[in-house]
Amino acid sequence: MASEASISAQVRPPTHRTPPAALHLALTLSLQQLVKPSRRSLQHSKLLRLPVELLDFIFKDVYATAPPRAPICRALLAYHDEHNRSRFRRVKVVGSVMLSSYCQSLQIRSSIGAMCESLKVVHSRVHSLALAVDPGLVTLLLASLSNVRYLELGGHQLVEAFLQHAAASDSSFMPHLSHLVLLADSAGQNPDPYDPTLLCGLGNFVRLKELYLHLVVQEDNLVEIEEDVQYSCAALRKLTLIDCKSSPGAVDFIQRCTQLQILIISDSIKELVEAPFLNAVGHLGTLKTLQLSASVTGHSWKLPKAVKNLSSLDNLVLGDGCTCRDKPSFEILRRLAVKHLEFRLGSVVSASHLLQLVGGDDKHQYLASIVLDQVYASLGDIDELDSWREQQDELDDWLQGGWTLPKWNKTFSQEGLRAVIAAASRNGVVVSGEAVDALGLEWQIKAKKEEIKGWQKREARRERRAAGGWGGGGGGYRRWNRW
């Protein structure tokens, strides 16, 4: 009997990546014939009789360019999956039907679950499945993701099953998980979905660095939480809470994130962040970045007073709905030891108060940079047009409103911004952002409009000349117009 080395030498594929045309064609035709299932009985494919080295070669170099017309047998799926590993590394599932199909595939070949590093399960309806999925398939799904690093689950059924599975397991469950997104509406079953009895399983993920929670809170029916549950999320560095309202469970969860560095809160209630939330973060003494915004467009809120207690804060980001234009708000900012201050689109800020913050005798001692994105301007896609003459319809669309002019006001005007930039420059504070860019873009938009209108007039004269008409310019005789 020939040794394994001699067999390997006989079937070793050529060193070049693409086989000769004749060999490639022969293997392709053979693959199409061999992969067909037997009509008489459920026999394994004849490809399985080939040496392992040649089988690997077929799936690597031939199967990729000539996929079989009939389903391959289960015994060959391992070769298919191994050579298409990238296809299963990042998986996005949309809807209950696709989710059930993916779970059924896991029943046949569990290896694709181990290949998955990123899984997203999203649905057409926010926070809920259109149709319930077989609980057994959901359990199989969770048990199969041994190497997942990014996990996004939407819908009460999936989120509840995940949290229950995590609570009943140890650190061997999804040991590599580092980024988790949970979106669910408990439909009144859990008034406070942040209760420690529900979230305690998150303490088993020792590598969990980032967590995004959008769990609908029944604010009118909140009850006391079980505070005696022992767990912590010491590895967590970034936490995002959406519409957690005045949830006692959310406050309790923040206190368990003992090394939290970044906190993002977006809510729809009038008092965006109540004191207990920020007090809980302040007691940690580890928070470096705080980002606040309204989750509902048009909802305004003032800077919470409790922000001044965050002594470790370096970066403060104020988003949609923030109205930071009064003296008390800037007194809070002046007491913070922040180095970076950012106002995002949808916020309102006073240029005069900002000027006092970066200049004068009472300027901020630690502030190093400010980002102003609350005013926005855009040239649109005019610079992407290759030929004005061939794209005149797109040119007309742009003139009709393909640009965006900045919306200045008395609170934040062009002159006020220029004064802030000048004072900041003198005191070593860097000012940047969309508002700063808008100063130049506003002039560019007006100049571009004049340029296009001038070109259109010249183009109209050129077309009239080409058609035998007058060159324009008046007078009783035809004259040459070089334009």
Side-chain angles (χ1 to χ4, degrees), residues 92 94 122 124 126 264 266 268 291-300 317-325 341-351 354 369-422 424 430-467 469-473 481-483:
K92 182 177 180 179
V94 181
V122 296
S124 56
V126 180
I264 301 174
S266 180
S268 59
Q291 179 178 325
L292 305 175
S293 66
S295 61
V296 179
T297 302
H299 177 73
S300 62
V317 182
L318 302 175
D320 193 17
C322 174
T323 55
C324 193
R325 57 187 175 186
L341 185 60
E342 182 173 347
F343 293 91
R344 293 193 172 177
L345 188 64
S347 62
V348 179
V349 59
S350 168
L354 201 59
S369 64
I370 301 177
V371 177
L372 300 171
D373 288 335
Q374 82 284 4
V375 176
Y376 171 78
S378 173
L379 265 174
D381 57 0
I382 185 64
D383 291 334
E384 298 178 6
L385 301 183
D386 298 326
S387 173
W388 287 3
R389 185 167 295 164
E390 297 176 0
Q391 297 175 294
Q392 294 194 37
D393 290 340
E394 290 83 350
L395 210 59
D396 291 335
D397 291 340
W398 185 86
L399 285 174
Q400 295 300 321
W403 36 265
T404 303
L405 284 174
K407 296 181 180 179
W408 308 104
N409 51 51
K410 293 181 179 180
T411 304
F412 196 87
S413 62
Q414 293 173 293
E415 295 75 14
L417 175 58
R418 289 192 176 97
V420 170
I421 295 175
V430 178
V431 180
S432 62
E434 297 286 351
V436 178
D437 296 339
L439 290 173
L441 283 174
E442 185 171 13
W443 177 86
Q444 292 180 38
I445 292 171
K446 295 177 180 178
K448 184 65 71 172
K449 290 169 67 176
E450 294 299 324
E451 179 186 358
I452 293 174
K453 290 178 180 179
W455 177 85
Q456 287 180 331
K457 291 179 180 179
R458 295 192 298 272
E459 185 69 6
R461 290 198 296 267
R462 186 192 66 81
E463 292 177 353
R464 287 196 298 269
R465 290 197 307 271
W470 293 95
N481 187 330
R482 65 188 181 89
W483 294 105

Show your working on side chain to side chain contact (heavy atoms under 4.5 Å, CB included) between Leu379 and Trp398 and close with a plain yes or no. CA-CA 9 Å; Leu379 265 174; Trp398 185 86; 4.2 Å; yes
Intermediate values then yes/no, side chain to side chain contact (heavy atoms under 4.5 Å, CB included), Val349 and Leu318: CA-CA 10 Å; Val349 59; Leu318 302 175; over 6 Å; no
Please lay out, stage by stage, how Asp320 and Leu345 fare under the test side chain to side chain contact (heavy atoms under 4.5 Å, CB included). CA-CA 6 Å; Asp320 193 17; Leu345 188 64; over 6 Å; no
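Between the OG atom in Ser378 and the CD atom in Gln444 there is a gap of 10.5 Å [rounded to 0.5 Å]. The CD1 atom of Ile452 sits 4.5 Å away from atom CG of Leu395, with the distance rounded to the nearest 0.5 Å. In this structure, the separation between CG on Leu341 and OG on Ser369 is 8.5 Å, given to the nearest 0.5 Å. Between Asp397 atom CG and Asp381 atom CG the span is 9.0 Å, to the nearest 0.5 Å. Atoms CD1 and CD1, from Ile421 and Ile370 in turn, are 10.5 Å apart once rounded to the nearest 0.5 Å. How far CZ of Arg462 is from CH2 of Trp455: 8.0 Å, rounded to the nearest 0.5 Å.
Atom NZ of Lys407 is surrounded by 12 or fewer heavy atoms from other residues, nucleotides or ligands within 6.0 Å.
Taking the side-chain hydrogen bond (donor to acceptor under 3.5 Å, both in side chains) definition, one finds that Glu442 meets it with Trp408, Gln414, sequence neighbours left out.
With hydrogens and angles disregarded, no donor-acceptor distance shorter than 3.5 Å links the side chain of Asp373 to the backbone of Gly433. Here the side chain of Ser413 pairs no donor or acceptor atom with the backbone of Lys410 at under 3.5 angstrom.
Asn409 places none of its side-chain heavy atoms less than 4.5 Å from the side chain of Val348.
Annotation for Ala438 and Ala377: closest pair CB-CB, 3.8 Å, computed over non-hydrogen atoms. When all heavy atoms of Trp403 and Leu399 are compared, the pair lying nearest together is NE1-O, 3.7 Å.
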